[in-house]
Asker: 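Okay, handing you the structure first.
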Amino acid sequence: MQGQMMNVPLTITTVMEHARLYHAKREIISAIDPQSTHKTTYGEAFERAAQLANALAALGCKPGERIATLAWNDYRHFEIYYALTCSGAILHTINPRLFEEQLVYIINHAEDQWIFLDPDFVPLLENIQDDIPNVKGFITLCDEKQTPKTSLKNIRCYETLLSEQKSDFEWPELDEYSACSLCYTSGTTGNPKGVLYSHRSIVVHALSVSMLDASGFSANDIVLSIVPMFHVHAWGLPFRAPMIGSKLVFPGRYLGNGEVLQNLITKEKVSFAVGVPTIWQLLIDYLEQSGKKIEPLRRAIVGGAACPQSLFDQFSNEYDVELIQGWGMTELGSVGTVNIPGPDFEHLNEAEKKSSVLKQGRPIFGVQVKITDDEGKELPWDGQTSGHLYVRGPNVCNSYFSQESDEFAVNGWFMTGDVANIAADGTVQITDRSKDLIKSGGEWISSIEIENCALTHPQITEAAVIGAKHEKWGERPFLIAVKRAEDSSSAEDILNWFDGKIASWWKPDNILFVEELPHTATGKVSKLSLREKYGEFFIK
Ligand code: ADP
């Protein structure tokens, strides 16, 4: 028997319509230079999205076509998000920090028809335009006066295109399962792979993450999106904030500028923000140097990589901000688990509380998890046994865009490539990535656990562990670390830190201090580059 409720599809158009009707006056603020901001509202932004949808139709864009953006976090990128997805086209957000060969690969693989670009990225596209022949033209995100001189062919100006169009558009009724956007994973290994989201997955994800015990906020919050809009929809914020009715603050191109971030937080009274550990560290470093504060900020979400203990301590002790860890993947539409302290947290002692916040947290609604051994046999949820982490759910990628082999999909579950244990209450703790494991004497060693332990050392600011070749054991852990500039500890001092904290045979055999570690385009330590550089390192 079928239910007798209305068949109204869960599409991004419903988010837009909701915000247009009920939150039209709520502001969107974007940093345009270090001192000044641009101010608009949801109402105005959606009128401009309608103008853009008319402009795209006039350019001959068709539903299902991929249209790319190389853009920072601001109101124009926000308008494009809605104009493309709600008119049935596919928003392909591109990470401008990728290497040129990767950019060429993904633009061609996605068969992008047009590219919206911030003027900053004109030189980047000029360099590769001969290698992306399917692209029909480029739309610069500025007005005529700001349009740079360029050799890019068929270039249009965003503001001129909009000014020629009317501000209403007949948004089509879309199937909730239809594709709306495409994001390529950062590709720490191999070629980038495209995750093709559906309208439904975006809406369900936005609803689940917005629960209070996930990483919810309210219409009284002011929300800062430091995660780039080119990376998994800034973890969903450009959809969640209009859905909830929160004022949205975008840092423009200043995602990595502690001074601009501090300024925005205090001036715009930002109370909720999301970012990766590197960005939060950068903000804290700026606050320490300048003596400035971030008083309005109440809650900050950190994810995308393991977060050092020192960040949790600094946020809570010095700035009175609750730092909450989340774990996710591009393939999950971003968030999979969030570590909000539950009712039992208060009963833990201080040491237990400290180690508890370092875990990745419990699955949000709609995400199922399991761990298995190498043979695929499910492992117990005892908070100890580590295995391959699998997920399934309505927001989880079923297959990659235009890719033949889907070896990550096993019996309807998605293999994350992360290694984790799961506690009886479902709390997930990532202990490693299967591609990063170190195999010593036939046994696995968790590089992440060693890194986490290294990061609890007060003088270590960044750490990576890779497997170095070893005559007897095959591989041994090799720690590559960045120390605080003024620190004079020796390698031996740092290695002694591990005594009693991890299994003795996990203790790194060697340590190399470097000024900085290499990072992937999304700001994570690039283990691939480290392995390429030091993987042949031989420990006797
Ligand atoms: P994102 O950076 O948004 O999480 P990616 O798809 O680029 O998405 O990377 C996903 C991978 O990042 C995960 O499979 C995991 O290895 C790692 N990761 C994400 N969040 C965390 C976290 N909180 N702790 C440890 N690793 C994490």
Side-chain angles (χ1 to χ4, degrees), residues 93-95 97-98 102 106 182-190 192-195 197 205 209 214-215 225-237 255 274-280 300-309 311-312 323-340 355-364 367 369 371 386 388-391 395-397 400 408 414-421 427-437 446-452 455 462-465 519-528:
T93 51
I94 301 183
N95 183 342
R97 296 182 190 134
L98 294 175
Q102 290 174 313
I106 64 172
L182 179 63
C183 185
Y184 282 72
T185 59
S186 55
T188 351
T189 51
K193 301 174 203 76
V195 179
Y197 305 98
H205 175 266
V209 190
S215 56
S225 169
I226 318 180
V227 173
M229 290 172 79
F230 55 73
H231 184 65
V232 215
H233 311 122
W235 296 349
L237 281 195
L255 297 162
V274 295
V276 294
T278 324
I279 292 292
W280 288 128
I301 307 291
V302 62
C307 181
Q309 172 82 60
L311 257 191
F312 287 100
L323 185 66
I324 299 284
Q325 173 157 209
W327 164 87
M329 297 182 76
T330 307
E331 289 90 335
L332 270 77
S334 83
V335 185
T337 66
V338 185
N339 193 353
I340 295 277
S355 65
S356 164
V357 295
L358 292 176
K359 297 185 180 178
Q360 279 64 26
R362 284 145 54 86
I364 61 166
V367 174
V369 291
I371 43 173
S386 273
H388 299 286
L389 177 65
Y390 285 80
V391 290
N395 314 326
V396 179
C397 170
Y400 290 112
F408 65 89
F414 172 79
M415 184 176 178
T416 63
D418 287 326
V419 175
N421 64 56
T427 301
V428 172
Q429 179 173 25
I430 305 288
T431 53
D432 212 327
R433 291 179 206 140
S434 39
K435 46 196 179 250
D436 272 350
L437 283 174
S446 157
S447 48
I448 287 188
E449 215 160 294
I450 306 174
E451 286 160 15
N452 287 345
L455 289 169
E462 217 174 5
V465 173
H519 293 94
T520 64
T522 49
K524 295 179 193 186
V525 172
S526 170
K527 290 284 186 80
L528 192 64

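Hydrogens, waters and symmetry mates are skipped; everything else that's a heavy atom, side chains included, is used. Counting starts at 1 for both ligands and their atoms, following the listed order. Worth saying up front: this structure is predicted, and the values here are computed from it rather than measured.
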Asker: For ligand 1, does Q360 get within less than 4.0 Å through its side chain, its backbone, both, or neither, judged by non-hydrogen atoms?
Answerer: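 For Q360, the contact with ligand 1 is made by the side chain alone.
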
Asker: Pull out every atom of ligand 1 sitting under 4.0 Å from any heavy atom of G328, numbered as shown with elements.
Answerer: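 Checking each atom against G328, I get 4 (O), 10 (C), 11 (C), 13 (C), 19 (C), 20 (N).
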
Asker: Which option, G326, S334, G361, owns the non-hydrogen atom nearest atom 23 (N) of ligand 1?
Answerer: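 Shortest heavy-atom distance from atom 23 (N) of ligand 1: G326.
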
Asker: Atoms of ligand 1 less than 4.0 Å from Q325 heavy atoms?
Answerer: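 In order of numbering, the contacting atoms are 22 (C), 23 (N), 24 (N).
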
Asker: Does some side-chain heavy atom of H205 sit less than 4.5 Å from a side-chain heavy atom of S334?
Answerer: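 In short, these two side chains touch, coming nearer than 4.5 Å.
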
Asker: Could you tell me if any non-hydrogen atom of D418 lies under 4.0 Å from any atom of ligand 1?
Answerer: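 Yes, that is the case, since the closest heavy atom of the residue is under 4.0 Å from the ligand.
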
Asker: Taking only heavy atoms of W327 into account, list the atoms of ligand 1 that are under 4.0 Å away from them.
Answerer: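 Going through ligand 1 atom by atom, the ones under 4.0 Å from W327 are 13 (C), 15 (C), 18 (N), 19 (C), 20 (N), 21 (C), 23 (N), 27 (C).
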
Asker: Taking the side chain as C-beta and beyond, is there a heavy-atom pair between L237 and V227 under 4.5 Å?
Answerer: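 They are not in contact (no side-chain heavy atoms under 4.5 Å apart), so the answer is no.
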
Asker: Please confirm whether T416 comes within less than 3.5 Å of ligand 1 when only nitrogen or oxygen atoms on both sides are compared.
Answerer: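 Between T416 and ligand 1, no N or O pair is found under 3.5 Å apart.
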
Asker: Are any of the side-chain heavy atoms of N95 and P192 separated by less than 4.5 Å?
Answerer: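 A side-chain contact under 4.5 Å is absent here.
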
Asker: Would you say G303 has any N or O atom under 3.5 Å from an N or O of ligand 1, going by distance alone?
Answerer: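 There is no such contact.
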
Asker: Quick one: closest heavy-atom pair of A214 and I364, and the distance?
Answerer: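 What the structure gives for the nearest pair is CB-CG2, 3.9 Å.
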
Asker: Which atoms of ligand 1 have any heavy atom of T330 under 4.0 Å away?
Answerer: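 Result: 5 (P), 6 (O), 7 (O), 8 (O).
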
Asker: Holding to side chain to side chain contact (heavy atoms under 4.5 Å, CB included), I want the full list of residues that pass it with I279, two or more places apart in sequence or in another chain.
Answerer: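 Expected list: I226, L261, V276.
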
Asker: At their closest point, which heavy atom of L358 faces which heavy atom of Q309, and how far apart are they?
Answerer: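 Distance-wise, the nearest heavy atoms are CD1-OE1, 3.5 Å.
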
Asker: Can you tell if the side chain of W327 reaches within under 4.5 Å of the side chain of L332, non-hydrogen atoms only?
Answerer: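 Side-chain contact under 4.5 Å: yes.
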
Asker: Could you grab the distance from atom CG of N421 to atom CG of L389, nearest 0.5 Å is fine?
Answerer: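 CG of L389 is found 10.0 Å from CG of N421.
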
Asker: For atom 19 (C) of ligand 1, which of G304, P277, G417, C183 has the closest heavy atom?
Answerer: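 It is G304 that holds the nearest heavy atom.
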
Asker: Considering distance alone, does some N or O of T185 sit under 3.5 Å from an N or O of ligand 1?
Answerer: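 Not met; the criterion fails.
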
Asker: Give the atom numbers and elements of ligand 1 that come within less than 4.0 Å of a heavy atom of M329.
Answerer: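 Close to M329: 6 (O), 8 (O), 10 (C), 13 (C), 14 (O).
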
Asker: With a 4.5 Å heavy-atom cut-off, do T330 and H231 have their side chains touching?
Answerer: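 T330 reaches H231 side chain to side chain.
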
Asker: Just to be sure I read this right, does ligand 1 sit under 4.0 Å from the backbone of C307, its side chain, both, or neither, counting only heavy atoms?
Answerer: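 C307 to ligand 1: no contact under 4.0 Å from either part.
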
